[in-house]
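What's counted below: heavy atoms across the whole structure, side chains too, no hydrogens, waters or symmetry copies.
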2 protein chains.
Amino acid sequence: MPNQAVSKRRSECPLNASVEMLGDRWSLLIIRDMMLRGFRSYKEFMECYEGIATNVLADRLRKLVAYGIIRTEPDPADGRKVTYLLTKKGIDLAPVLTEMVLWVAAHEDTGNQALVRLMREDKQKFLAGVRERWASRH
Amino acid sequence: MPNQAVSKRRSECPLNASVEMLGDRWSLLIIRDMMLRGFRSYKEFMECYEGIATNVLADRLRKLVAYGIIRTEPDPADGRKVTYLLTKKGIDLAPVLTEMVLWVAAHEDTGNQALVRLMREDKQKFLAGVRERWASRH
DNA sequence: TATTTCACTTGCATAATGCAAGTGATAATT
DNA sequence: AATTATCACTTGCATTATGCAAGTGAAATA
């Protein structure tokens with residue numbers, strides 16, 4: 001890394017704002033599960049995460065919406081249901097999630113080796129897949 | 001994304017363990033600043049992060065060590081000082097940090113455009129730089 | 001010898017989280 | 001049409017984590 005790119009000045013260092021949103025126990029999991037598992041509803045998140053408090057889930061979803069990473073859409077067929085969708089900004093997190101999954105896979109045992117292999121061996125294809133999967137509805 | 005790689009089963013989804021460590025307000029910042037700003041000492045972190053509590057910083061550093069992402073080394077020239085260093089596992093987080101910085105840069109105003117440009121235009125060179133910068137001391 | 005510096009710890013008030021029990025709107029069942 | 005179930009939440013409260021100020025002890029510096 002060229003030394004001129006290294007700076008100790010705080011303002012010179014990108015990341016602070018995003019970490020405010022991503023730097024918590026649940027947000028990254030929510031995004032991962034929308035991206036990799038196709039989660040769309042409050043119920044799916046709630047049933048899936050052992051230990052998440054229902055008020056905290058509501059709060060995180062609200063903040064992710066406020067932050068422009070996800071958005072909601074009412075279900076035209078069922079007035080009770082709300083669909084959570086990734087926005088463009090949310091989909092753009094795919095490379096981050098990908099690298100994170102690969103990092104975990106490289107350093108500890110992890111499930112879904114097929115997915116990991118795809119991510120590692122053809123990252124571009126995987127990312128294209130995510131984008132396509134969400135293209136119609138961002 | 002091929003559908004067979006998508007699974008709703010929890011055990012099939014990598015990330016949980018790592019998010020336990022990375023999913024908090026400070027850990028990613030600490031790693032970023034070691035990687036991008038060359039931080040090495042308790043003091044540097046403490047002076048830099050407005051709002052971090054000294055006991056929390058101590059706790060995070062301890063956990064990052066326990067998790068194998070950083071390690072400590074006594075300063076041979078000064079018995080008071082402790083040097084914090086990234087391990088191999090920590091350096092391997094460079095791609096994650098890189099994608100995160102690029103994501104932030106793409107979606108909000110951010111400092112150090114030179115660094116962002118390097119990351120975007122020659123990601124491999126940037127990553128090689130990080131690895132080299134730390135190679136002698138992991 | 002006295003004062004700083006460094007890497008912390010301790011104590012306590014405040015804030016965030018987890019958990020159980022609602023609530024209100026809509027949908028499905030009887 | 002009335003009752004029950006589902007969905008996406010909210011509310012209240014106990015527990016845990018965090019922030020802040022003030023220490024502590026070992027080692028360096030004046």
For the pair made of [atom1] in [X] and [atom2] in [N], what is the distance, rounded to whole Å?
X: A:Met46; N: C:dG22; atom1: CE; atom2: P; answer: 17 Å
X: A:Glu47; N: D:dC9; atom1: CD; atom2: C1'; answer: 14 Å
X: B:Leu29; N: D:dT18; atom1: CG; atom2: P; answer: 14 Å
X: B:Phe45; N: D:dG19; atom1: CZ; atom2: C1'; answer: 19 Å
X: B:Leu57; N: D:dT18; atom1: CG; atom2: C1'; answer: 13 Å
X: A:Phe39; N: D:dC7; atom1: CZ; atom2: C1'; answer: 16 Å
X: B:Lys43; N: D:dA26; atom1: NZ; atom2: C1'; answer: 17 Å
X: B:Tyr42; N: D:dA27; atom1: OH; atom2: C1'; answer: 18 Å

Pairing donors with acceptors under 3.5 angstrom, does anything connect the side chains of A:Thr54 and A:Tyr42? yes

Hey, is the main chain of B:Tyr67 close enough, under 3.5 Å, to the side chain of B:Lys89 for a donor-acceptor pair? yes

For every nucleotide of nucleotides 23-30 of chain C, 5' to 3': is a protein heavy atom under 4.0 Å from its base (B), only from its sugar-phosphate (S), or from neither (-)? --BBS---

Could you run through nucleotides 11-19 of chain C and give me one letter per nucleotide, 5' to 3': B if any protein heavy atom sits under 4.0 Å from the base, S if only the sugar-phosphate is that close, - if neither? B-----SBB

Contact summary for [X] and [Y], nearest pair of heavy atoms:
X: A:Leu102; Y: A:Val116; result: CD2-O, 3.7 Å
X: A:Leu86; Y: A:Trp134; result: N-CZ3, 3.3 Å
X: A:Asp33; Y: A:Arg37; result: OD1-NE, 2.8 Å
X: B:Tyr84; Y: B:Met34; result: O-CE, 3.2 Å

Let me confirm one number: the CG-CG distance from B:Leu22 to B:Asp24, rounded to the nearest 0.5 Å. 8.5 Å

Given side chains that start at C-beta, do those of B:Met100 and B:Arg32 come closer than 4.5 Å, heavy atoms only? no

Hey, does the side chain of A:Arg40 come within less than 4.0 Å of D:dC7's phosphate (OP1/OP2), counting only N and O? no

Parallel, tilted or perpendicular: which one describes the rings of A:Phe39 and A:Phe45, with boundaries at 30° and 60°? perpendicular

